Q: 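First, the structure itself, so that you have it in front of you.
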Amino acid sequence: MHDAASKVRATTNRAYRAARLAARRARRRWRAAAPQQRQTVRLTAASTALGVLVAGVTVAAAGPWDSGQRTAERAWAARQVTGSGGGHTPGADLTAPTAPQVLAAAGPVSRRGGTAGGPPGRSPQVPPPTASALADALEPLLEDGSLGRVRHASVVDAVTGRQLFSEGAGEVSAPASTIKLATAVAALTVRGETYRIATRAVGKGDGVTLVGGGDPTLTAKDVDALADDTARALGRRHVRTVRLTYDTSRYAGPELHPISPNENIAPVTPLMINEGRTDKSDHGPAPRRADPAGDAARRFAGRLREAGIEVRGGPREAKAPKGARKLAVHRSATLGALVERMLTHSDNDIAEALARQTALAEGEPAGFRGAGRAVERVLRRLHVPVRGARFHDGSGLDRTDRLSPALLTRLLTLAADPDRPGLRSVLTGLPVAGFSGTLGDRYGGERGEPGAGLVRAKTGTLTGVNTLAGTVVDADGRMLAFAFMTTGAPGRDPAQTSLDRLASALANCGCRDSPSTG
């Protein structure tokens with residue numbers, strides 16, 4: 001009798017384990033299914049229970065769902081343009097819906113109270129994914145050996161800020177260019193999205209000073225127009241001969257980034273033309289001028305001469321004298337537009353300029369150290385988790401920078417908060433997978449990876465460091481913010497492909513349990 005009972009128990013245990021394994025596999029298949037496929041299953045099951053088999057057959061015959069819906073979603077994402085930003089791919093319709101549009105699909109906003117960590121007062125109609133479901137979808141992908149030895153991840157509900165998935169989310173590692181999200185949020189917070197950086201010409205007596213304000217996007221045409229305006233102002237004062245100086249005192253500390261000289265960044269000076277580029281490019285690596293401020297001043301001097309103003313000798317560097325009066329001014333694009341351009345193309349020169357604008361607004365010296373202190377201070381006021389973070393530059397080129405995935409996803413939820421419209425360019429500037437910016441040549445286009453047109457994310461790449469942080473609207477229509485950070489990858493391309501698969505898994509995830517699994 002004892003042996004028989006033992007055999008029964010063993011058989012029962014094996015059956016129980018097999019049933020649990022089968023249920024787990026079924027849950028994974030359910031969570032990976034597109035929403036219409038899950039709806040088909042629900043309708044079919046309900047129809048069977050009610051004896052209305054025809055309804056179930058009709059719904060099932062209406063597929064295949066995934067191809068048609070995903071193609072339509074990608075095309076829709078590529079069509080949504082609000083006309084914002086600068087330097088995006090010419091002629092392309094790339095901007096995905098604004099955060100309020102996306103969040104509106106997740107539920108109405110009520111102004112009575114709120115949820116800690118996210119937009120206040122939102123009552124979502126579409127439930128967020130479950131933590132166990134996301135773990136089933138993401139954990140196997142995080143085990144990919146191409147990601148390297150350090151793999152940290154954070155996924156949060158952008159509506160409430162609630163943590164849905166964590167793999168060392170609070171641990172810090174090198175962020176590479178995803179640190180630009182922190183730079184953007186800090187600069188927008190202290191300067192405002194409508195702020196414009198001024199480049200000025202001032203005069204006193206027969207002296208004219210070109211004063212750099214920190215606009216790296218200043219063009220040769222802008223400098224020419226500034227010189228023309230200056231010449232007219234001098235003419236009204238009956239000044240025909242001048243001595244020219246240029247003032248770069250707005251910035252402090254070393255001009256060269258620790259990795260310089262480098263084609264990814266010019267000397268960091270508040271006066272330059274087209275980011276010090278020596279070619280006709282407006283983004284990406286390019287040869288840089290050794291003395292961009294002096295070259296800008298010489299261009300200004302040449303244009304003054306063409307306008308009939310004699311310039312004695314060559315321009316020399318000096319601070320503008322006290323009491324000098326404004327002659328002319330050029331103002332940059334708005335800070336919101338600069339943020340979009342920076343994020344779309346991962347522009348290091350704009351990033352360092354925005355970090356220094358944060359320092360100036362916070363009363364810090366506008367150098368690498370002062371900018372880092374200012375950015376961290378602003379983020380602390382925003383209650384962003386900065387424990388262990390290090391901001392040694394604004395661009396992420398410094399390998400000693402440190403951030404956590406939790407910090408990055410918190411920045412993204414702040415930018416998605418309907419009560420913070422001034423941060424919206426952090427979302428609208430994110431590259432679109434397969435379509436724009438640094439994600440334009442990833443995800444294989446519309447018929448390639450399933451995340452094409454659906455994932456919006458900031459990339460980060462240094463040798464051995466690969467990161468990705470952004471937003472998706474999942475298959476159920478819920479907006480999620482994510483950050484994946486890896487260090488030690490043996491190769492860049494395989495690591496990027498693995499990161500793209502993780503983001504695609506979120507975009508295509510039906511990450512909620514089926515009715516049968518509870």
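Just so it is clear, the values below take in all heavy atoms, side chains as well, and ignore hydrogens, waters and symmetry mates. Being a predicted model, the structure only gives us computed values, none of them experimental.
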Q: For Ala333, check side chain to side chain contact (heavy atoms under 4.5 Å, CB included) against everything at least two apart and list the hits.
A: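 Only Ala337, Leu338 meet the side chain to side chain contact (heavy atoms under 4.5 Å, CB included) criterion with Ala333.
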Q: Report the distance from atom CG of Leu506 to atom CG of Leu134, rounding to the nearest 0.5 Å.
A: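 Going from the CG atom of Leu506 to the CG atom of Leu134 covers 6.5 Å.
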Q: Taking all non-hydrogen atoms of both residues, which atom of Pro140 and which atom of Asp136 are closest, and how far apart?
A: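 Scanning both residues, the minimum pair turns out to be CD-O, 3.3 Å.
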Q: Going by the rule side chain to side chain contact (heavy atoms under 4.5 Å, CB included), which residues pair with Asp441 if we only count those two or more places apart in sequence or in a different chain?
A: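 Partners of Asp441 by the side chain to side chain contact (heavy atoms under 4.5 Å, CB included) criterion come out as none, since no residue qualifies.
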Q: Please report the shortest heavy-atom distance between Thr183 and Ala355, naming the atom on each side.
A: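 For Thr183 versus Ala355, the nearest heavy atoms are CG2-N, 3.8 Å.
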Q: Drop me the distance from Met342's CE to Leu181's CG, to the nearest 0.5 angstrom.
A: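 Spacing of CE (Met342) from CG (Leu181) equals 7.5 Å.
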Q: Taking Asp279 for the side chain and Ala286 for the main chain, is one N or O donor matched with an acceptor at less than 3.5 Å?
A: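 Side chain of Asp279 to backbone of Ala286: no pair is present.
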Q: Quick one: CG on Leu480 to OG1 on Thr471, what's the gap to the nearest 0.5 Å?
A: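 Rounded to the nearest 0.5 Å, the CG-OG1 separation comes to 9.0 Å.
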Q: Knowing that exactly one of Val375, Leu382, Val378 qualifies, which makes a side-chain contact (heavy atoms from CB on, under 4.5 Å) with Val185?
A: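 Testing Val185 for a side-chain contact (heavy atoms from CB on, under 4.5 Å) against Val375, Leu382, Val378 leaves exactly one candidate, Leu382.
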Q: Between OG1 of Thr413 and CG of Leu408, what distance do you get to the nearest 0.5 Å?
A: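 Reported to 0.5 Å precision, the distance equals 11.0 Å.
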Q: With no hydrogens and no angle check, is any side-chain donor or acceptor of Asn348 less than 3.5 Å from a backbone partner on Ile265?
A: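 Such a contact is absent between Asn348 side chain and Ile265 backbone.
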Q: So, taking the atom named CG in Leu439 and the one named CG in Asp500, what distance separates them when rounded to the nearest 0.5 Å?
A: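 Answer rounded to 0.5 Å: 6.5 Å.
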Q: So, the side chain of Arg399 versus the backbone of Thr463: is there a donor-acceptor pair under 3.5 Å, distance only?
A: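 Confirmed, Arg399 side chain pairs with Thr463 backbone.
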Q: Indicate every side-chain donor-acceptor pair of residues 482-496 with a distance under 3.5 Å to a residue at least two apart or in another chain.
A:
unit_1	atom_1	unit_2	atom_2	d
Thr486	OG1	Leu147	O	3.4
Thr486	OG1	Asn466	O	2.8
Gln496	NE2	Thr461	OG1	3.2

Q: With heavy-atom distances below 4.5 Å as the criterion, would you say the side chains of Arg288 and Arg277 are in contact?
A: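 Yes; the side chains approach each other to less than 4.5 Å.
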Q: Please tabulate, for side-chain N and O atoms in residues 383-394, each donor-acceptor pair with protein atoms closer than 3.5 Å (sequence neighbours left out).
A:
unit_1	atom_1	unit_2	atom_2	d
His392	ND1	Thr400	OG1	2.5
Asp393	OD1	Gly396	N	3.0
Asp393	OD2	His257	NE2	2.7
Asp393	OD2	Ser395	OG	3.2
Asp393	OD2	Leu397	N	3.1
Asp393	OD2	Asp398	N	2.9

Q: Would you name the heavy atoms of Arg341 and Asp282 that are closest together and state the gap between them?
A: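 What the structure gives for the nearest pair is NH2-O, 3.3 Å.
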Q: Quick check: does any side chain N or O of Arg420 sit under 3.5 Å from a backbone N or O of Ala415, one acting as donor and the other as acceptor?
A: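 No; zero donor-acceptor contacts below 3.5 Å.
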Q: Testing the basics here: between Pro216 and Asp349, what is the closest heavy-atom pair and its distance to 0.1 Å?
A: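 Heavy-atom minimum between the residues: CG-O, 3.9 Å.
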Q: Measure the CZ-CG distance between Arg424 and Leu188 for me, rounded to the nearest 0.5 Å.
A: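 Separation between the atoms: 11.0 Å.
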Q: Can you see which heavy atom on Pro431 is nearest to which on Ser436, and at what distance?
A: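 So the minimum-distance heavy-atom pair works out to CB-O, 3.5 Å.
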Q: For residues Arg456 and Leu427, determine if any side-chain heavy atom of one lies less than 4.5 Å from a side-chain heavy atom of the other.
A: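 Arg456 does not reach Leu427 side chain to side chain.
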Q: Measure from the side-chain N and O atoms of Thr467 to the backbone N and O of Pro175, and report whether any donor-acceptor pair falls under 3.5 Å.
A: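 Pair found, side chain donor or acceptor close to backbone of Pro175.
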Q: Closer than 3.5 angstrom, by distance alone: can the side chain of Asp144 be matched with the main-chain N or O of Ser146 as a donor-acceptor pair?
A: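 Between the backbone of Ser146 and the side chain of Asp144 there is a qualifying donor-acceptor contact (under 3.5 Å).
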Q: Taking side chain to side chain contact (heavy atoms under 4.5 Å, CB included) as the test, write out the residues that go with Ala374, two or more places apart.
A: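 Checked Ala374 against side chain to side chain contact (heavy atoms under 4.5 Å, CB included); matches are Thr358, Ala359, Glu362, Glu364.
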Q: When you measure from the side chain of Thr409 to the backbone of Val155, do you find a donor-acceptor pair of N or O atoms at a distance under 3.5 Å?
A: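 No.
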Q: Look at the side chain of Arg356 and the backbone N and O of Glu352, then say whether any donor-acceptor pair between them is shorter than 3.5 Å.
A: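 Side chain of Arg356 to backbone of Glu352, a donor-acceptor pair under 3.5 Å: yes, one is there.
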Q: Can you sort out the partners of Gln163 under side chain to side chain contact (heavy atoms under 4.5 Å, CB included), two or more places apart, ordered by chain and number?
A: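 For Gln163, the residues satisfying side chain to side chain contact (heavy atoms under 4.5 Å, CB included) (neighbours in sequence not counted) are Ser154, Val156, Ser166, Ala169.
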Q: For residues Asp417 and Leu423, determine if any side-chain heavy atom of one lies less than 4.5 Å from a side-chain heavy atom of the other.
A: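 Counting from C-beta outward, Asp417 and Leu423 never come under 4.5 Å.
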Q: Would Ser346 and Ser177 count as a side chain to side chain donor-acceptor pair (under 3.5 Å) if you check the C-alpha gap in whole Å, the side-chain angles of each, and the deciding distance to 0.1 Å?
A: CA-CA 7 Å; Ser346 199; Ser177 282; 3.1 Å; yes
Q: Taking the side chain from Arg151 and the backbone from Glu143, do they hold a donor-acceptor pair closer than 3.5 Å?
A: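 Judged by distance alone, yes, a pair lies under 3.5 Å.
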